[in-house]
Participant: 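My structure is below; once you've seen it, I'll send some questions.
Remember, it's a predicted structure, so these values are computed and weren't measured experimentally. Residue numbers start at 1 and run along the sequence shown. Below, each value reflects all heavy atoms present in this structure, side chains not excepted, and no hydrogens, waters or symmetry copies.
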Amino acid sequence: MVTGDPAREAPEAPALYRCEIRHVRRSPLRHSLRHRTYLWLIDPAAVPVPPRGLRALARFDPRDHFDGTAPSIAAGLERFLTDHGEPLPGGPTLMLAHARVFGHVFNPLTLYWCHHRDGSLACVVAEVHNTYGKRHAYLLHPDGTGRAVTDKKLAVSPFFTVAGRYRMRLPVPGDRLRLTVTLDQPGEKPFTAAVTGVRRPAGARGLLRAAARHPWSTLAVSAAIRAHGITLYLRGLRVRRHDPVPERSPAPGPPPGPPHSHTPDPRRPQRGST
């Protein structure tokens, strides 16, 4: 069980966070990425639906999460917890992610904070997507400061092997958002990603303001990652061979519908920076 104040209530959702994302690579060469965007904090059991004229700016699709076969995001999360032997907490859940914008989505990291009925944190699920179209979810039990450690299981970048551990700090978002993920490999910490943000209302006006500041926000994130990957490649960073990672068999369910995002063909190599 996670330590901390059991009386603390989960923040209200939905909300928007105006964010800055920073990637810092320390080895074998130094390089950094800085990008501004916005993220949604939602209850996956009560997915927000914007007014009809704004729905192209925010849509949450269960096919974008977990194995893509669940009828809802909340059902996919529940299936994941059950498959991993985690008792269902029974309290509120918060999900931090990009929504689909004009049909496109790319979520390098989606987070789910799962609470007990008394408001205490039960666990965190960190779902990682790479630019090859692969995904993997990690079940975490952070300490009272939001810190957790887990073995790396998914190749995220063509420039790193599937070796090492992630050291994460994932406190529940409040008025401000402060997240860090550090890759820890033997003798070094070659990469850190950080997300900082400020909470804003998620009404129609707030969504319009966020979309006006960051049009095509999810496409911009994936384009920035690929652009920095190309830069690293041109600077001489060697593409690393990745050992296969065992895949968990999909849970029974109807097959996913036809793809409807601009997700790259996983058979074609992509250049990522993380």
Side-chain angles (χ1 to χ4, degrees), residues 1-15 17 19-24 39-45 65-66 73-74 76-98 107-130 135-154 156 160 162-185 189-199 245 248 274:
M1 176 173 296
V2 178
T3 59
D5 182 2
R8 178 182 177 183
E9 294 183 0
E12 292 185 3
Y17 282 86
C19 298
E20 180 179 86
I21 299 171
R22 291 177 290 120
H23 292 180
V24 177
L39 294 169
W40 283 85
L41 185 73
I42 69 169
D43 177 351
H65 301 283
F66 299 105
I73 298 174
L77 174 61
E78 181 175 324
R79 179 189 294 171
F80 172 84
L81 294 175
T82 300
D83 287 350
H84 286 75
E86 181 73 15
L88 300 181
T93 296
L94 295 171
M95 170 183 170
L96 184 75
H98 283 291
N107 272 302
L109 178 64
T110 300
L111 293 170
Y112 307 82
W113 288 270
C114 306
H115 293 81
H116 295 293
R117 288 188 175 88
D118 66 1
S120 61
L121 187 64
C123 64
V124 175
V125 176
E127 183 183 13
V128 177
H129 291 232
N130 66 18
R135 61 183 76 169
H136 181 82
Y138 299 88
L139 177 62
L140 309 171
H141 294 91
D143 64 16
T145 65
R147 289 181 170 86
V149 179
T150 186
D151 291 336
K152 183 180 178 181
K153 297 293 186 181
L154 177 71
V156 178
F160 284 128
V162 190
R165 313 187 83 188
Y166 286 127
R167 296 189 180 274
M168 305 184 185
R169 188 172 185 275
L170 309 172
V172 178
D175 290 337
R176 293 188 175 271
L177 178 67
R178 294 186 179 91
L179 312 172
T180 57
V181 178
T182 297
L183 177 60
D184 191 350
Q185 293 184 332
K189 293 179 173 60
F191 176 80
T192 296
V195 182
T196 56
V198 179
R199 183 185 175 98
V245 179
R248 177 176 285 271
T274 59

Participant: Measuring from His141:NE2 to Thr150:OG1, what's the distance to the nearest 0.5 Å?
Facilitator: 11.0 Å

Participant: Please test Met168 against Thr180 for side-chain contact (heavy atoms from CB on, under 4.5 Å), starting from the C-alpha separation and ending with a verdict.
Facilitator: CA-CA 6 Å; Met168 305 184 185; Thr180 57; over 6 Å; no

Participant: If you compare all heavy atoms of Ala148 against all heavy atoms of Leu140, which two are closest, and at what distance to 0.1 Å?
Facilitator: CB-CB, 4.1 Å

Participant: What are the two closest non-hydrogen atoms of Val128 and Leu154, and how far apart are they?
Facilitator: O-CD2, 3.6 Å

Participant: Look at the rings of His84 and Phe80 and say which category their plane angle falls in: under 30° parallel, 30 to 60° tilted, over 60° perpendicular.
Facilitator: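 Rings of His84 and Phe80: tilted, as their planes differ by 30° to 60°.
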
Participant: Please name the pair of heavy atoms, one in Ile73 and one in Phe66, separated by the smallest distance, quoted to 0.1 Å.
Facilitator: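 Here Ile73 and Phe66 meet closest at O-CE1, 4.3 Å.
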
Participant: List the steps and the verdict of side-chain contact (heavy atoms from CB on, under 4.5 Å) for Glu86 and Val125.
Facilitator: CA-CA 11 Å; Glu86 181 73 15; Val125 176; over 6 Å; no

Participant: Trp113 side chain to Leu170 main-chain N or O, any donor-acceptor pair under 3.5 Å?
Facilitator: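 Checking the backbone N and O of Leu170 against the side chain of Trp113, a donor-acceptor pair under 3.5 Å is found.
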
Participant: How long is the span from the CE atom in Met95 to the CD atom in Glu127, to the nearest 0.5 Å?
Facilitator: 7.5 Å

Participant: So, Asp184 side chain and Arg165 main chain: donor-acceptor pair closer than 3.5 Å or not?
Facilitator: no

Participant: What is the distance from atom OH of Tyr17 to atom CG of Asp175, rounded to the nearest 0.5 Å?
Facilitator: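 One finds 7.0 Å between OH of Tyr17 and CG of Asp175.
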
Participant: What is the minimum heavy-atom distance between Thr110 and His65, and which atoms define it?
Facilitator: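 In terms of heavy atoms, the two residues are closest at OG1-CE1, 3.7 Å.
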
Participant: Between Ala122 and His116, which heavy-atom pair has the shortest distance, and what is it?
Facilitator: CB-NE2, 3.4 Å

Participant: Test side-chain contact (heavy atoms from CB on, under 4.5 Å) on Val124 and Tyr112; report intermediate values, then the result.
Facilitator: CA-CA 5 Å; Val124 175; Tyr112 307 82; 6.0 Å; no

Participant: Below 4.5 Å, heavy atoms only, C-beta onward: do Arg135 and Asn107 meet side chain to side chain?
Facilitator: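 Counting from C-beta outward, Arg135 and Asn107 never come under 4.5 Å.
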
Participant: Please check this pair: side chain of Tyr138 against backbone of Lys153, looking for a donor-acceptor N/O pair closer than 3.5 Å.
Facilitator: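 Pair found, side chain donor or acceptor close to backbone of Lys153.
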
Participant: Closest heavy-atom contact between Cys123 and Leu81?
Facilitator: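 Minimum heavy-atom contact is SG-CD2, 4.0 Å.
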
Participant: To the nearest 0.5 Å, what is the distance between NE2 on His115 and CG on Leu121?
Facilitator: 5.0 Å

Participant: Between OG1 of Thr93 and CG of Asp43, what distance do you get to the nearest 0.5 Å?
Facilitator: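 Rounded to the nearest 0.5 Å, the OG1-CG separation comes out at 6.5 Å.
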
Participant: Applying the side chain to side chain contact (heavy atoms under 4.5 Å, CB included) test to Leu96, which of Val195, Leu109, Ile42, Leu179 qualifies?
Facilitator: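 Per the side chain to side chain contact (heavy atoms under 4.5 Å, CB included) rule, the option paired with Leu96 is Leu179, out of Val195, Leu109, Ile42, Leu179.
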
Participant: Can you check whether Pro190 reaches Gln185 side chain to side chain, under 4.5 Å on heavy atoms?
Facilitator: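 With C-beta onward as the side chain, the pair touches.
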
Participant: To the nearest 0.5 Å, what is the distance between CG (Leu88) and CG (Leu77)?
Facilitator: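 Those atoms lie 8.5 Å apart.
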
